[in-house]
Enquirer: 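Handing you this structure, nothing more for now.
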Amino acid sequence: MRQPPPEIEAVGISKIFGALKVVDDVSLRLAPGTFHALLGENGAGKSTLVKCLMGVYQADAGVVRVDGTPMHAGSPREARRHGIGMVFQHFTLIPSMTVAENLVLARPDLPLIIDWKAEFTRLRDFLKQAPFQVDLESHIANLSAGQKQKVEILKELYLETRFLILDEPTSVLTPQEADEVLGFLRRLVEAGELSVLLITHKFREVMAFCDSVTVLRRGRFAGAGRVTALDPERMAAMMMGEAPEGRRVDKVPAKRGAALLQLHALRAMDDNGLEAVHGIDLTVHEGEIVGIAGVSGNGQKELLEVIAGQRAATSGHITVSGELHLPTRALLRKHRFFVLPEEPLRNAAVPRMSVAENIALRVFDKPPFREAGFLLNRASIVNFGRDMIQKFSVRPPQGDAPIGDLSGGNVQRAILSRELSSGEVRVLVAANPCFGLDFKAVDFIHDRLIETRNRGAAVLLVSEDLDELLEIADRIYVISGGNLVHETTPVDADLAVIGRQMAGSH
Amino acid sequence: MKRAESILIPFGAIAAGMIVFGIFCALAGANPLLVYASLWKAGFGSWYSWQNTLVRASPLLLCGLCTSLPARAGIIVIGNEGALVVGGLGAISAGLATLSMPPWFCLVTMGIAAMLCGGLWIAFSVALQHYRGVSAVISGLLLNYLAIAFMNQLIEGPLRDPSSLNNPATYPLTPDHRLAYFSGTHVHHGILFGVIACLIAWILVDRTTFGFSLKISGGNVRTAQLVGLPVGKLVVIAGFLGGACAGLAGMIEVAAVHGRGNESLNAGYGYVGILVAFLSRQSPLGVLVVSVMVGGLLASGGMLQRAHDLPDATITVLQGILFLFILLSDTVYGRFRTRAHINSGVKANAVAV
């Protein structure tokens, strides 16, 4: 029988980065066997707070107590010894190794010589009681995001974690997968075997699975309570503390124009040389948002990379208004073609260059940024950056900081300002643009996408968030196994059909 | 803070390297302090030693650029020695072919031939990496050996001057077809090439749209592709420019120092150029300063042997130790800030508890 979960108490935690107080005097008490949510906007200090609990960061003030005794600060090992474990937003599994190897590898007391036979017996015994099953022999690289998330959680359970912190675990999962994973954890909590601290900004998950909630706003405590005594409106008010920025942009009725962006029998390989995109034909017209729904790993990534010029197509081609499109600067400009790829820091920014420089990546070789034919006008880059940072509320507002130091939401804002600022976008391709962002940022991005569409641009939106597509797309395709297998509109959409198509049973 | 770091860390690394080298000298039976005094005297102690230093600095300036220019585009080039050698061979071949022409024409032809040879040499290695996935470090290293073998083949075969008996060499350039010296010194005009090349390189990487494009591709290829930059072309051009500099260093060695092509082309300036580039953190202006420093070290090699009875290779040991410490120091950038943070955190915590 597992030990009961510990009581965790954080008192007056503060954490300062540079001049910024990211967490300011926050206290938190988690009784054993509770499912607690930590709500807050992007940059509210949720991740920093739990990293202080985990000992990844050392708090500048305050103390963490486990069952009443203060925990030695700044040591993840110590936290692990107390049975505190965390599943991070980004996977920490080793892709080239198998599930079994990853699980065994995580053991802190790994012997020099591993008795694999014994380990496998232990693993199988462990899996018998585990809520979801994974194939021990499969390589992590071949698993879908949802399966990887499950392995991460299994790993924590295998390490006998009794207090589990989850940092936005469902952002990579389909709704069904999210419900399955959280439902399972809920049952463990109810059985008194586990406490869970869930970082999220999805009210649905809080309402459905959590007992109590703590809300942070700008690093400070903004409210707490039992979920049964709260409703989403009250929690939103705590999180925001002010009126949401700007008014929602209304979608003007669709007035579909001429075909603009067209993909012709596009085929592409994945990194392992297997065909991942099996001849996709697709047309996006003026003034419409076409959504591509699907579970990650069904060729979206490769398709997007081909469109963005980051991967060569094995055959097929792309046209804009019937003209061949290639990812060269001249054609990108001529076709007014812009892309918002997923993971903006990895795909659309140069982390060690400044925010202002990153904002200038599309324009630096045009006057006034270019002088005398080849010289770079640094002053105009700085000025342009300052304008964009203000217009798109990038924080912190200093243009000379490396963009890699910004939070995810602010990197996305900086990239948005670059891709959408010109106001002359004709083709916009976006992939999971709201991944991991809070709802304020999500609204902001959706508004920009709709605005762009209303101005007559063709928008292709690839998203793993079906709700997002149903909300803003005009037409939706479902991608499965590298093919577009289903077409519908938000009005006619049948969720059961879409779900089946996404799952590949068609 | 950042600025202070970029000065403190290299100097700290050099200081640490010098301490270790001092221990080495002490073990070899020499007084480290006297060794350093000799190094200083031989490198910078007099006008005469300054001249020696500058003569050695000129190929270093150009070989340093050979690594630091492609580094801007994110490619590590270590084929400097090979580029220098083929540049020298190109120069002597062009020079011998145009001996009947006026000296200025001959020298310009030599320079162009050297830059083309060196440039194509490195561009090839960089293109292999970009288009075929062969690491430029590996291909550069192997191409070095190839260049040296090619040189031996030429100077012992088709280009050989029959009168060069023990030390095979090509036919010599006539004295008026060689690079001139600053009057009253033995410093040749080659140093000007190096200084000008560094200044041009600085403007290129720091002040032009081309340099900005290089920085983007070097910083994140995927982003460069997204915004439509011709990444392949950019890195190959950067490789060509770097190689052209090393090739020009070969031309200087041929046209100013040796007056002919021989084994002395392969004197190690290319390898030391890698050290220069890393010491200067790939900055062309840094190359300008570091080349003179390292030139002084090279100039003082003989002195160590004469004055302290240390082996000839001692100066290579010093270079090796310095290189190690410089590479190591690259890993500590940004750490001092974190360290300071943790310390202040401990204090705040102590107060709170």
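Reminder, nothing fancy here: chain letters follow the sequence lines and each chain counts from 1. Values below: all heavy atoms of this structure, side chains included; hydrogens, waters and symmetry mates excluded.
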Enquirer: Please flag which part of A:L340 lies under 4.5 Å from any non-hydrogen atom of chain B: side chain, backbone, both or neither.
Expert: neither
Enquirer: So how far is it from B:Q225 CD to A:T328 OG1, rounded to the nearest 0.5 Å?
Expert: 13.0 Å
Enquirer: For the backbone of A:P351 and the side chain of B:N220, can you confirm whether one donor and one acceptor N or O come within less than 3.5 Å of each other?
Expert: no
Enquirer: Determine the option with the most heavy-atom pairs under 4.5 angstrom with chain A, choosing from B:L204, B:I203, B:T208, B:V221.
Expert: B:T208
Enquirer: For A:E357, which atoms come within 4.5 Å of any heavy atom of chain B: side chain, backbone, both, or neither?
Expert: both
Enquirer: Hey, which residues of residues 109-141 of chain B are touching chain A, say heavy atoms under 4.5 Å apart?
Expert: none
Enquirer: Does the side chain of B:I216 come within less than 4.5 Å of A:F364's, by heavy atoms?
Expert: yes
Enquirer: Looking only at atom types and distance, does a side-chain atom of A:R378 sit under 3.5 Å from a main-chain N or O of B:D206, one as donor and one as acceptor?
Expert: yes
Enquirer: Has A:Q310 got a side-chain atom pairing as donor or acceptor with B:R222's backbone, closer than 3.5 angstrom?
Expert: yes
Enquirer: Which atoms of A:P70 are under 4.5 Å from chain B, going by heavy atoms: the side chain, the backbone, both sets, or neither?
Expert: neither
Enquirer: Who among A:M353, A:R311, A:R370 has the most heavy-atom pairs with chain B under 4.5 Å?
Expert: A:M353
Enquirer: Hey, are the side chains of A:R329 and B:V227 touching, using non-hydrogen atoms and a 4.5 Å cut-off?
Expert: yes
Enquirer: I'd like to check A:L361 versus B:T223 (side-chain heavy atoms, cut-off strictly below 4.5 Å). Are they in contact?
Expert: yes
Enquirer: Less than 4.5 Å apart, side chain to side chain, heavy atoms only: is that true for A:D365 and B:F212?
Expert: no
Enquirer: Are B:L226 and A:R362 side-chain neighbours, meaning at least one heavy-atom pair lies under 4.5 Å?
Expert: yes
